[in-house]
2 protein chains.
Amino acid sequence: MTVNTPWLDRRQLRAWIRLRAVLELLPGTLDTQLRNDANLTEFEYTALAMLSEAPDRTLRMTGLAQRTNATLPRLSHVVARLEKRGLVERFPCPENRRATNARLTQEGWAKVLQAAPGHVAAVRRYVIDALTDEQVDQLTAIGDAVLAALDPSGKGAVLYTHYDEEQDPGQGSY
Amino acid sequence: MTVNTPWLDRRQLRAWIRLRAVLELLPGTLDTQLRNDANLTEFEYTALAMLSEAPDRTLRMTGLAQRTNATLPRLSHVVARLEKRGLVERFPCPENRRATNARLTQEGWAKVLQAAPGHVAAVRRYVIDALTDEQVDQLTAIGDAVLAALDPSGKGAVLYTHYDEEQDPGQGSY
DNA sequence: CCGGAATGGTTGTAGCTACAAGTTTGCTGG
DNA sequence: CCAGCAAACTTGTAGCTACAACCATTCCGG
């Protein structure tokens with residue numbers, strides 16, 4: 001939160017170079033693991049996981065888009081593909097006729113159960129277990145700061161903080 | 001670096017949710033800024049920037065791939081497009097006839113000069129200036145830990161640490 | 001109660017990335 | 001000195017994402 005001068009000094013540049021590398025390398029690595037083990041993208045896994053934790057394993061497209069940090073067009077395409085694979089089904093929302101609900105099928109639930117252990121292991125291996133407990137908390141704070149800068153209105157923040165109060169561990173997909 | 005139990009506890013999950021969101025949102029945001037201002041991808045900018053800082057503004061494809069954390073096929077396609085736009089030129093490496101050199105053209109250099117201020121401002125806005133000085137250093141350490149887990153052989157590490165010793169600030173593209 | 005804006009979504013398409021395959025050049029052991 | 005393997009790319013293509021355009025509902029002010 002220093003003065004807003006142009007260019008990055010050496011320390012700042014160091015941090016940015018690291019972050020840039022992580023941004024470039026981590027998603028592909030996670031995708032590869034998940035693709036080999038379960039024929040899923042990390043994004044697809046996240047979508048299925050969010051559905052699996054929702055009441056009745058159902059969410060409106062907009063809600064699912066927020067929870068996965070995706071745009072609606074992107075999500076629409078992805079869910080269409082997941083539906084073709086029988087992992088998800090869509091049906092019109094009764095309360096709002098312009099809305100669409102997405103619900104996890106039995107097959108989709110089975111897919112999450114199958115994929116979860118390997119994916120969690122990958123997240124541990126490449127992120128969580130590579131860090132000290134202190135660094136894990138630092139990462140949370142840094143993530144919050146960056147997300148606040150990305151989305152000053154803080155619409156997404158509600159969703160992040162939802163997980164902060166979550167009870168009942170071990171039931172989910174992480 | 002705790003014991004390797006399955007699933008994530010609440011603190012770990014919090015951190016992962018944040019990181020996932022950053023991974024999803026930050027690249028698109030940076031791409032959008034750069035695309036509007038300079039008709040470049042963040043990846044393309046990085047490639048041009050790395051060339052601009054290299055001796056004679058020239059690098060071998062492999063070297064450029066390492067510095068941009070890209071696979072060779074990807075880089076090959078990207079450089080082909082940059083070449084068509086006149087920002088880069090390729091020529092066979094005299095010392096090793098199977099290698100290819102990529103060199104920044106005058107136009108490419110001009111493009112970097114034009115794009116740099118806005119891009120650096122975006123990096124500041126969404127990352128650096130959103131963090132305290134302490135957090136910047138924490139991010140460096142966290143990045144190092146994750147990158148080490150991603151690439152245990154540490155081939156890339158040399159390139160990250162290169163920036164740690166860099167002198168002569170203000171000349172570059174960040 | 002109705003016209004216009006906003007909400008919630010889908011679809012079409014261009015462009016980028018991943019993966020697999022192929023080519024040329026260099027290296028190394030027998 | 002040459003067979004086989006590795007290095008350093010390039011190319012083809014399938015699949016995913018971004019962007020823009022579009023359609024159907026719902027909300028809201030006058």
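Every value quoted in this text rests on a predicted model; they were computed, and no experiment measured them. Within every chain, numbering begins at 1; the chains are lettered A, B, ... in the order of the sequence lines, protein sequences first and strands thereafter.
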Looking at the side chain of [X], which of [options] is the nearest nucleotide?
{"X": "A:His77", "options": "D:dT26, D:dT10, C:dT13", "result": "C:dT13"}
{"X": "B:Pro73", "options": "D:dA8, D:dA18, C:dC19", "result": "C:dC19"}
{"X": "A:Ser76", "options": "C:dT10, C:dC19, D:dC9", "result": "C:dT10"}
{"X": "A:Met61", "options": "D:dT17, C:dG8, C:dT10", "result": "C:dT10"}

Write down the distance between [atom1] ([X]) and [atom2] ([N]), rounded to a whole number of angstrom.
{"X": "B:Leu64", "N": "D:dT10", "atom1": "CG", "atom2": "P", "value": "11 Å"}
{"X": "B:Glu42", "N": "D:dT17", "atom1": "CD", "atom2": "P", "value": "19 Å"}
{"X": "A:Glu83", "N": "C:dT11", "atom1": "CD", "atom2": "P", "value": "10 Å"}
{"X": "B:Leu72", "N": "C:dA20", "atom1": "CG", "atom2": "P", "value": "16 Å"}
{"X": "B:Asn69", "N": "C:dA18", "atom1": "CG", "atom2": "P", "value": "12 Å"}
{"X": "A:Phe43", "N": "D:dG15", "atom1": "CZ", "atom2": "C1'", "value": "15 Å"}
{"X": "B:Asn96", "N": "D:dA7", "atom1": "CG", "atom2": "C1'", "value": "8 Å"}
{"X": "A:Lys84", "N": "D:dC16", "atom1": "NZ", "atom2": "C1'", "value": "13 Å"}

Pick the nucleotide of DNA chain C nearest each of B:Thr41 and A:Asn101; which residue has the one closer to the 5' end?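 Nearest nucleotide further toward 5': that of A:Asn101.
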Establish, with yes or no, whether the OP1 or OP2 oxygen of [N] is under 4.0 angstrom from a side-chain nitrogen or oxygen of [X].
{"X": "A:Arg90", "N": "C:dT10", "answer": "yes"}
{"X": "A:Arg81", "N": "D:dG15", "answer": "no"}
{"X": "B:Arg74", "N": "C:dC16", "answer": "no"}
{"X": "B:Arg35", "N": "C:dC16", "answer": "no"}
{"X": "A:Arg97", "N": "D:dA24", "answer": "no"}
{"X": "B:Thr62", "N": "D:dC9", "answer": "yes"}

Base, sugar-phosphate alone, or nothing: which one does [X] contact when heavy atoms must sit under 4.0 Å apart?
{"X": "B:Asp31", "answer": "nothing"}
{"X": "B:Thr100", "answer": "sugar-phosphate"}
{"X": "A:Arg60", "answer": "sugar-phosphate"}

Yes or no on side-chain contact (heavy atoms from CB on, under 4.5 Å) for B:Leu48 and B:Lys111, after CA distance, side-chain angles and deciding distance? CA-CA 9 Å; B:Leu48 297 180; B:Lys111 177 64 93 171; 4.2 Å; yes
Given DNA chain D, 5'-ward residue of the pair A:Thr71 and A:Glu95, judged by closest heavy atom: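 It is A:Thr71, whose closest nucleotide lies nearer the 5' terminus.
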Work out which heavy atom in B:Thr140 is nearest to a heavy atom in A:Arg18; give both atom names and the distance.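 So the two residues come closest at O-CG, 3.9 Å.
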B:Ile142 versus A:Gln135, closest heavy-atom pair with distance: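 Looking at all heavy atoms of both residues, the shortest contact is CD1-O, 3.6 Å.
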Apply the test side-chain contact (heavy atoms from CB on, under 4.5 Å) to residues B:Val127 and B:Leu26: give CA-CA distance (whole Å), side-chain angles for both, the deciding distance (0.1 Å), then the verdict. CA-CA 9 Å; B:Val127 182; B:Leu26 184 54; 3.9 Å; yes
Could you grab the distance from atom CZ of A:Arg103 to atom CH2 of A:Trp109, nearest 0.5 Å is fine?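 Rounded to the nearest 0.5 Å, the CZ-CH2 separation comes out at 15.5 Å.
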Test for a donor-acceptor pair under 3.5 Å between the base of D:dA7 and the side chain of B:Arg98, counting only N and O atoms.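 In this structure, the two groups form a donor-acceptor pair.
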Checking A:Arg20 against B:Thr46 for the side chain to side chain donor-acceptor pair (under 3.5 Å) test, could you report, in this order, the C-alpha distance in whole Å, the side-chain angles of both residues, the deciding distance, and whether it holds? CA-CA 10 Å; A:Arg20 226 211 138 270; B:Thr46 305; 2.9 Å; yes
